[in-house]
Peer 1: 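Next up is a structure, given as structure tokens.
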Amino acid sequence: MKICRFDDDRLGLVEGEEIVDVTAALDTLAPRWPAPMGDPLIAGWPALQGPVTEAAKGGRRVPVAGARLMSPLTTPSKIIGIARNRKNLEKESLNFELAKNARQDSDPIEMFIKAPSAMVGASEGVALRFPEGRNDPEVELTVIIGTRCTDVAYDDALDVVFGYTIGLDMTLRGKGSSSSRKSIDSFAPLGPWIVTADEIADPDNLSSSLAINGATVQDASTRDLAFDVRSLIAHASAWYTLHPGDAIMVGTPVGFQPVHDGDVMVASFEGIGAMTVAVRVHRRG
Ligand code: MN
């Protein structure tokens, strides 16, 4: 099942080239105070399945091509990023700016947090606040956690996955903390929709690509990652309780190319789809 948020906060199921509007199912999601941590759609999904199926029967259909795709996540408690999760790191001939960032600690998995306020959907695009710097899109499989969990064992890790989406871990290169450089507004495009976990047999064997203005700059696979999805969930949940809707961007293979004002990125993932994201410069004031 492919779940999207489109136009003015409509909930949709993507079927081929069409979106079926199932927004009516959301009537059963009652607001609560205080709101529990996490994304209410993901947390409430088990109870929503019946109403969604019902709503889909008579749901309005619109072409995907004409829809304004928003981030399928709305309020995750956190977006966890994984730094330098690549095989053969020592063989990389990265540019000086990247080499300066080379890890020197012995922690096998290095996490950082991206602010949820950095999320946007494909249709909203990326706005560069520091266009004079180097802004790199890192296309990454993004794991969506489905259930509140902590200390998850490696072998059980895929059981807590709700689904997968495409993430662009937008990164302003530089010396500042990665939480700052990766949390700029719009620096976490997610989408174009969430594919539920049952449709992805092996998240550690998915090909991906990134094109900028039609030129492919990255052609990769999650096989190229040093740590698999189970390892990342086990590790993250050893540090943090994970809540429904929490996202883990698993890291990107090599193939960095910066983007500039006016560029158009197309990020694709096997089993998920493709997300087109435009780049502009943020207008201050
Ligand atoms: Mn990254």
Side-chain angles (χ1 to χ4, degrees), residues 71 73 76 78-89 92 94-95 97-105 107-120 122 126 128-130 133-145 164-191 203-204 206-212 217-229 231-233 235-236 239-240 246-259 263 265-269 272 275 277 279:
S71 168
L73 283 182
K78 53 194 165 296
I79 300 171
I80 298 168
I82 309 293
R84 292 177 278 281
N85 182 16
R86 305 188 285 281
K87 292 175 180 169
N88 302 318
L89 258 184
E92 287 182 17
L94 293 174
N95 68 34
E97 208 57 40
L98 293 175
K100 274 196 308 191
N101 277 335
R103 60 183 308 154
Q104 293 170 349
D105 61 276
D107 190 343
I109 297 177
E110 185 186 343
M111 297 182 293
F112 57 87
I113 301 292
K114 284 173 87 86
S117 55
M119 283 190 315
V120 287
V126 163
L128 306 178
R129 285 179 177 245
F130 303 98
R134 175 173 171 148
N135 295 274
D136 283 344
E138 300 178 0
V139 60
E140 306 192 2
L141 178 68
T142 301
V143 179
I144 311 297
I145 299 297
Y164 302 89
T165 189
I166 304 171
L168 282 169
D169 174 20
M170 296 298 305
T171 303
L172 173 67
R173 300 293 173 198
K175 290 180 184 168
S177 97
S178 59
S179 292
S180 302
R181 294 182 289 103
K182 289 170 174 284
S183 290
I184 296 167
D185 281 7
S186 81
F187 268 34
L190 289 181
D204 300 309
L206 298 176
S207 58
S208 64
S209 69
L210 176 67
I212 300 176
V217 298
Q218 188 181 82
D219 184 4
S221 166
T222 51
R223 283 192 314 273
D224 303 330
L225 303 178
F227 299 101
D228 63 12
V229 167
S231 298
L232 301 179
I233 292 169
H235 186 81
W239 284 65
Y240 316 121
D246 278 4
I248 302 176
M249 290 187 167
V250 305
T252 200
V254 289
F256 301 113
Q257 289 291 332
V259 289
D263 285 351
M265 304 180 281
V266 178
S268 307
F269 247 101
I272 301 176
M275 171 169 79
V277 183
V279 180

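All ligand and atom numbering here is 1-based and tracks the order in the structure. Just so we're clear, the structure is a prediction, and the values are computed from it rather than from any experiment.
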Peer 1: So that I can tick it off, tell me whether Arg173 and Glu138 are bridged by a salt bridge, with the cut-off set at under 4.0 angstrom between side-chain N and carboxylate O.
Peer 2: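 Salt bridge present between Glu138 and Arg173.
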
Peer 1: Closest N/O/S atom of Glu140 to the Mn ion (ligand 1), by atom name?
Peer 2: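 Nearest to the Mn ion (ligand 1) within Glu140's N, O and S set: OE2.
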
Peer 1: Show, in sequence, the C-alpha distance, side-chain angles and deciding distance for Phe187 and Thr171, and conclude whether the side-chain contact (heavy atoms from CB on, under 4.5 Å) test is met.
Peer 2: CA-CA 7 Å; Phe187 268 34; Thr171 303; 5.9 Å; no

Peer 1: When you look at Val139 and Ile166, which way does the side-chain contact (heavy atoms from CB on, under 4.5 Å) test go after all the steps?
Peer 2: CA-CA 7 Å; Val139 60; Ile166 304 171; 4.0 Å; yes

Peer 1: Can you tell if the side chain of His235 reaches within under 4.5 Å of the side chain of Ile82, non-hydrogen atoms only?
Peer 2: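 Not touching, per the 4.5 Å side-chain cut-off.
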
Peer 1: Nearest to the Mn ion (ligand 1), which N, O or S atom of Glu138 do we find?
Peer 2: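 That would be atom OE1.
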
Peer 1: Restricting to N/O/S, name the atom of Asp169 that gets closest to the Mn ion (ligand 1).
Peer 2: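 Minimum-distance N/O/S atom of Asp169 relative to the Mn ion (ligand 1) is OD2.
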
